[in-house]
Chemist: 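Mind looking over this structure? Questions follow.
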There are 2 protein chains.
Amino acid sequence: MTFDKSPDGRGRGYHHGNLREALIETALRLIAERGPSGFAFVELARAAGVSPAAPYRHFADRGALLAEVARRGFERFTEALETAWNGGRPDPVTALEACGRAYLAFARREPASYAVMFETGIPLEDDPALRAASERAFAVLRRASEALCATMTQNRPPALMVALHIWSLAHGIASLFIGHGESGRRRLPMTPEDLLEAGVLIYLQSLGLGAARATP
Amino acid sequence: MTFDKSPDGRGRGYHHGNLREALIETALRLIAERGPSGFAFVELARAAGVSPAAPYRHFADRGALLAEVARRGFERFTEALETAWNGGRPDPVTALEACGRAYLAFARREPASYAVMFETGIPLEDDPALRAASERAFAVLRRASEALCATMTQNRPPALMVALHIWSLAHGIASLFIGHGESGRRRLPMTPEDLLEAGVLIYLQSLGLGAARATP
DNA sequence: ATGTCATGTGAACAGCGTTTACACCACTCG
DNA sequence: CGAGTGGTGTAAACGCTGTTCACATGACAT
């Protein structure tokens, strides 16, 4: 692998030198602008100043590029959740709420990735790396729920179920009220963040965790 | 408008007689089989035994057909929710749970409609009929939440917020765990229906509605 | 210097969405 | 009953897409 060109793709010779990354970056930009099916494979090639056949040296087909975009998305998503969880500090309830905010923040900051990860019917069963990345993301929420349930002494609910509830609520809110260029989505009398925080609070209160916060 | 052919589309003359409906039916079938972007406009024409230009007599373009599919979907969706709500009988909590089951049942029974309605970035701002249909569907959940909140005497939460929480949870579960041909989705240790019912129960319990059921 | 292999090219293919000018025919009106 | 009109379908064409193939290039190891 050789990088014989400036990072913006101009002034190259016969070989691009960074085509794979350039294609992914352009795809992310176009998807963010025009939705998950709003880019043409050939268009990425044009933007990189390369022939329509060149991308096929780096991706088996259009779907493979999408899968790679989704995989990278899941990895950054996992990082964001992990950072927000922060080992359960200062206390599990506060940390879980931080995860919720991180979830929505990701959908806002990387609408293109989020759309490809969740709103495309991307085949995640025949791409082991993609499936694994997706499971690592959910594992963060599951571990968080386990830590949270472990603090309870009675009427302990299944941690997996709690994780699925939080995930579903966060995903539902993100999917209904965030993304698609700020225009195509329904309006809310509150921010999605506040909506999610209130929902999680109500939910956890029912589990007896309403006051299980660190009070420094 | 004349129907000069048998209902299955065979044996017609120059005019099809039922093309608009035939196109929509075929679209629903193909979307259910291959996902929301898995059908070609021309393919619908072929299936109806008609030239590629004929569908343009009935729909401005491919997107208009999708919008019509979504609009009809929202109408059947509204009916299903309304039936499940059943005027809040026997009691609002039980009726709201029935709505939750109806929500998931719709996503299961009409995966094609559901996908077009919610998982395509369909432009619902520039089609008033579509937008109205979508709002009528949500209005059912909102009225249900209002009836439910009206039964509370203290600490009454905003009904709109409750409706948004229920909707988001139901949509999150449907979107993550139902549809796309039973294969492309994540596996669960319980049915989506049970997951949703448990979530709603925990949520409502926190609002003091855990025992607000009719006990005949 | 030479050979190799990853990477890019050019040309071609079928299929798609869409438009245009034209053909048909069920119906209304005289 | 006969003429004409408007809704519906046709044929042919356009540019664009995803994809493949044989071939060209040149970075790098030997």
Side-chain angles (χ1 to χ4, degrees), chain A residues 1-7 9-27 30-31 33-69 116 120-123, chain B residues 1-24 26-27 30-31 33-69 116 120-123:
Chain A
M1 183 83 72
T2 300
F3 296 76
D4 57 355
K5 65 163 213 24
S6 55
R10 260 173 278 279
R12 69 179 185 89
Y14 188 90
H15 288 93
H16 183 286
N18 206 13
L19 185 53
R20 189 182 167 87
E21 297 303 316
L23 293 171
I24 290 179
E25 280 171 29
T26 307
L30 291 181
I31 293 170
E33 286 172 8
R34 319 200 287 237
S37 45
F39 79 97
F41 207 38
V42 185
E43 201 175 0
L44 305 181
R46 268 197 304 270
V50 117
S51 85
Y56 290 87
R57 296 293 172 195
H58 299 273
F59 301 98
D61 53 19
R62 207 188 106 106
L65 187 149
L66 257 323
E68 173 68 6
V69 166
V116 175
T120 324
I122 201 161
Chain B
M1 182 85 71
T2 300
F3 295 77
D4 58 353
K5 66 163 213 24
S6 55
D8 61 329
R10 258 172 279 280
R12 70 179 184 86
Y14 188 91
H15 289 94
H16 183 285
N18 207 12
L19 184 54
R20 190 182 166 89
E21 297 303 317
L23 292 171
I24 290 179
T26 308
L30 290 181
I31 294 170
E33 287 172 8
R34 320 200 286 236
S37 45
F39 79 97
F41 208 38
V42 186
E43 201 173 1
L44 306 182
R46 268 197 303 271
V50 119
S51 85
Y56 290 86
R57 296 292 172 198
H58 300 273
F59 300 99
D61 54 18
R62 206 188 105 107
L65 186 148
L66 256 325
E68 174 67 5
V69 165
V116 175
T120 325
I122 201 160

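All chains are named by letter (A, B, ...) in the order of the sequence lines, taking the proteins before the strands, and each is independently numbered beginning at 1.
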Chemist: Would you indicate what A:A40 reaches in the nucleic acid, counting non-hydrogen atoms under 4.0 angstrom: base, sugar-phosphate, or nothing?
Modeler: sugar-phosphate
Chemist: Can you check the A:F39 CZ to D:dT17 P distance for me, whole Å?
Modeler: 12 Å
Chemist: If you check the B:Y56 side chain, which of D:dG18, C:dG17, D:dG9 turns out closest?
Modeler: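 The closest nucleotide is C:dG17.
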Chemist: Less than 4.5 Å apart, side chain to side chain, heavy atoms only: is that true for B:P36 and B:L66?
Modeler: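 Heavy-atom side-chain distance check fails, nothing below 4.5 Å.
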Chemist: Between A:E68 (side chain) and A:L65 (backbone), is there a donor-acceptor pair under 3.5 Å?
Modeler: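 It does not hold such a pair.
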Chemist: Closer to the 5' end of DNA chain C via nearest nucleotide, is it B:R57 or A:P52?
Modeler: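 First, find each residue's nearest nucleotide; the 5'-ward one identifies A:P52.
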Chemist: In terms of side-chain heavy atoms of A:V42, which of C:dT9, C:dT18, D:dT19 is nearest?
Modeler: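 When the side chain of A:V42 is considered, D:dT19 is the closest of C:dT9, C:dT18, D:dT19.
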Chemist: Rounded to whole Å, how long is the line connecting atom CG of B:L19 with atom C1' of D:dT8?
Modeler: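 For the pair B:L19 CG and D:dT8 C1', the rounded distance is 9 Å.
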Chemist: What's the CG-P distance between A:L23 and C:dT7, to the nearest Å?
Modeler: 12 Å
Chemist: Within the structure shown, what part of the strands sits under 4.0 Å from A:R46 by heavy-atom distance: base, sugar-phosphate, or nothing?
Modeler: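 Sugar-phosphate, backbone atoms only, no base.
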Chemist: Quick one: A:R62 CZ to C:dG15 P, roughly how many Å, whole number?
Modeler: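 Atom-to-atom, A:R62 to C:dG15, this comes out as 19 Å.
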Chemist: Without decimals, in angstroms, what is the distance between B:E43 CD and C:dC16 P?
Modeler: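 Going from B:E43 (CD) to C:dC16 (P), I get 7 Å.
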Chemist: Between A:D61 (side chain only) and A:A64 (backbone N and O only), is there a donor and an acceptor less than 3.5 Å apart?
Modeler: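 Judged by distance alone, yes, a pair lies under 3.5 Å.
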Chemist: Roughly how many Å is it from CG in A:L66 to P in D:dT19, rounded to a whole number?
Modeler: 11 Å
Chemist: Walk me through whether A:R34 and A:E43 qualify under salt bridge (charged side-chain N to carboxylate O under 4.0 Å, His left out).
Modeler: CA-CA 13 Å; A:R34 319 200 287 237; A:E43 201 175 0; 2.7 Å; yes
Chemist: Working to the nearest 0.5 angstrom, can you tell me the gap between A:L19 CG and A:F59 CZ?
Modeler: 8.0 Å
Chemist: May I have the distance from A:F59 (atom CZ) to C:dT7 (atom P), rounded to whole angstrom?
Modeler: 12 Å
Chemist: If you compare every side-chain N and O of A:H58 against the phosphate oxygens of C:dG8 (OP1, OP2), does one of them come in below 4.0 Å?
Modeler: yes
Chemist: Expressed as a whole number of angstroms, how long is the span from A:F41:CZ to C:dG15:P?
Modeler: 21 Å
